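Read the numbers this way: they start at 1 and go in the same order the structure lists the ligands and their atoms. What you are looking at is a predicted structure, and each value in this text was computed from that prediction instead of being measured.
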Amino acid sequence: MEAKDFYSLIEKRQSDRKYSDKPVDKEIIERIINAARLSPSACNAQPWSFYVVTNEEKRHAIAQSSSSKLLGINNFTMQAPVHIIVVEERENFTAAMGNMIKKMHFSHFDIGIALAHLTLAAQAEGLGSCILGWINEKKIRQILGIPSSKRVLFDVLIGYSEDPLREKKRKNSNQIVTFIE
Ligand SMILES: Cc1cc2nc3c(=O)[nH]c(=O)nc-3n(C[C@H](O)[C@H](O)[C@H](O)COP(=O)(O)O)c2cc1C
């Protein structure tokens, strides 16, 4: 792959909020999850697990739980044929020590990077995605039988996008970069 192809992938990845109801092949989902599995993490702790929900009843229940008509938030989630529920798992001993010494919570960074891999892999497969942080953690735990000792952090929607490509709204480089030469 040439560098330009990678940058073009980044340009094309966006939060898609309109999906066709075409199902996604399991092998494709497995490849996307593998991209997240291979992502880096502090002390290689890999503090994550993924529940891939394609079951219609369960994904609709999850979608309903994270949508708020009142706040106008996440009302599009019913359409997505795949919900990847991201669970924070315990870090290993070294990462836990690192957290304590550095006063950090490295797991959340690790999971953020894994989600970047996941969403870019989806884009490479010609799929749209949307990371949802506004979710009903308690309801999702109930629906999927996830123990209350674990944190459910995100729901990543995956599906064939029907959302047109938008121009990115971002700060300019000169607002965020300082070169010290
Ligand atoms: C951690 C995180 C949580 C997010 N939560 C939501 C969400 O609950 N609902 C939603 O519609 N978009 C959500 N987004 C998508 C952001 O709104 C989106 O990434 C941002 O506006 C930039 O747009 P783009 O992804 O289309 O480039 C989330 C993104 C991230 C990284």
Side-chain angles (χ1 to χ4, degrees), residues 4-21 24 32-33 35-42 45-53 58-89 91 104-144 146 150-173 175-177:
K4 69 174 174 40
D5 298 325
F6 180 66
Y7 296 126
S8 147
L9 194 68
I10 288 173
E11 291 280 345
K12 286 198 198 109
R13 198 252 7 117
Q14 64 179 12
S15 296
D16 289 304
R17 298 188 176 92
K18 198 167 191 291
Y19 298 93
S20 88
D21 52 14
V24 181
I32 294 172
I33 295 279
R37 187 181 71 85
L38 295 177
S39 76
S41 55
Q46 304 162 67
W48 48 59
S49 63
F50 305 94
Y51 287 69
V52 181
V53 187
K58 292 207 188 305
R59 68 180 160 82
H60 281 176
I62 290 169
Q64 208 152 30
S65 75
S66 49
S67 115
S68 166
K69 288 249 153 45
L70 194 69
L71 299 173
I73 226 167
N74 295 344
N75 292 321
F76 58 92
T77 61
M78 205 66 109
Q79 307 160 352
V82 184
H83 289 240
I84 300 179
I85 303 300
V86 183
V87 174
E88 180 181 7
E89 297 291 340
E91 69 268 342
M104 294 285 268
H105 188 66
F106 287 117
S107 296
H108 287 180
F109 295 87
D110 300 337
I111 287 168
I113 297 166
L115 294 194
H117 278 217
L118 194 85
T119 51
L120 287 174
Q123 189 61 50
E125 295 280 0
L127 287 158
S129 66
C130 189
I131 298 170
L132 304 181
W134 182 276
I135 56 170
N136 189 326
E137 187 176 1
K138 198 171 156 204
K139 277 264 169 59
I140 294 177
R141 266 204 220 99
Q142 276 168 9
I143 295 163
L144 300 181
I146 298 169
K150 293 190 187 208
R151 289 223 62 191
V152 174
L153 295 184
F154 297 103
D155 177 2
V156 185
L157 307 180
I158 303 281
Y160 290 94
S161 175
E162 290 189 340
D163 217 354
L165 187 63
R166 299 181 298 270
E167 205 182 313
K168 295 261 180 292
K169 287 186 192 152
R170 296 294 191 265
K171 292 178 183 172
N172 291 324
S173 291
Q175 293 176 280
I176 59 166
V177 184

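By the ring-ring contact (aromatic ring centres under 6.0 Å, His included) test, His60 is found to be paired with no residue, residues two or more places apart in sequence or in another chain being considered.
Between the Ser41 side chain and the Ala45 main chain, a donor and an acceptor come within less than 3.5 Å of each other.
A salt bridge does not link Lys168 with Glu11: every distance from a Lys NZ or Arg NE/NH1/NH2 to an Asp or Glu carboxylate oxygen is 4.0 Å or more.
The protein non-hydrogen atom at the shortest distance from atom 1 (C) of ligand 1 is Phe154 CE2, 3.5 Å. If you check which protein heavy atom lies closest to atom 28 (C) of ligand 1, you get Ile131 O, 3.2 Å. Of all protein heavy atoms, the one closest to atom 9 (N) of ligand 1 is Asn74 OD1, 2.7 Å.
Counting atoms of ligand 1 from 1 in the listed order, those under 4.0 Å from a heavy atom of Gly133 are 3 (C), 4 (C), 5 (N), 6 (C), 7 (C), 8 (O). Residue Trp134 approaches ligand 1 through these ligand atoms, each under 4.0 Å from one of its heavy atoms: 8 (O). Listed by atom number, the atoms of ligand 1 under 4.0 Å from Phe76 heavy atoms are 11 (O).
Lys4 and Ser8 are not linked by any side-chain donor-acceptor pair at a separation below 3.5 angstrom, with hydrogens and angles left out of the test.
Looking at Glu11 against ligand 1, nothing comes within 4.0 Å, counting heavy atoms. Here Lys169 has no heavy atoms under 4.0 Å from ligand 1, in either its backbone or its side chain.
Looking at Arg166, Arg170, Arg17, it is Arg170 that brings a heavy atom closest to atom 27 (O) of ligand 1. Residue nearest to atom 15 (C) of ligand 1, selected from Ser15, Ser67, Cys130: Ser15 (by heavy-atom distance).
Within the structure, every pair that satisfies the side chain to side chain donor-acceptor pair (under 3.5 Å) test and touches residues 118-137, not counting sequence neighbours, is listed here: Arg31-Glu125, Glu137-Arg141, Glu137-Arg151.
Around CD of Gln175, the count of heavy atoms belonging to other residues, nucleotides or ligands within 6.0 Å exceeds 12. Residue Asp21 qualifies as open at atom CG: its count of foreign heavy atoms under 6.0 Å is 12 or below.
Residues Lys139 and Gln64 are not in side-chain contact: their nearest non-hydrogen atoms beyond the backbone lie 4.5 Å or more apart.
Distance check on atom 5 (N) of ligand 1: some protein heavy atom falls below the 4.0 Å cut-off. Protein non-hydrogen atoms do not reach within 4.0 Å of atom 20 (C) of ligand 1.
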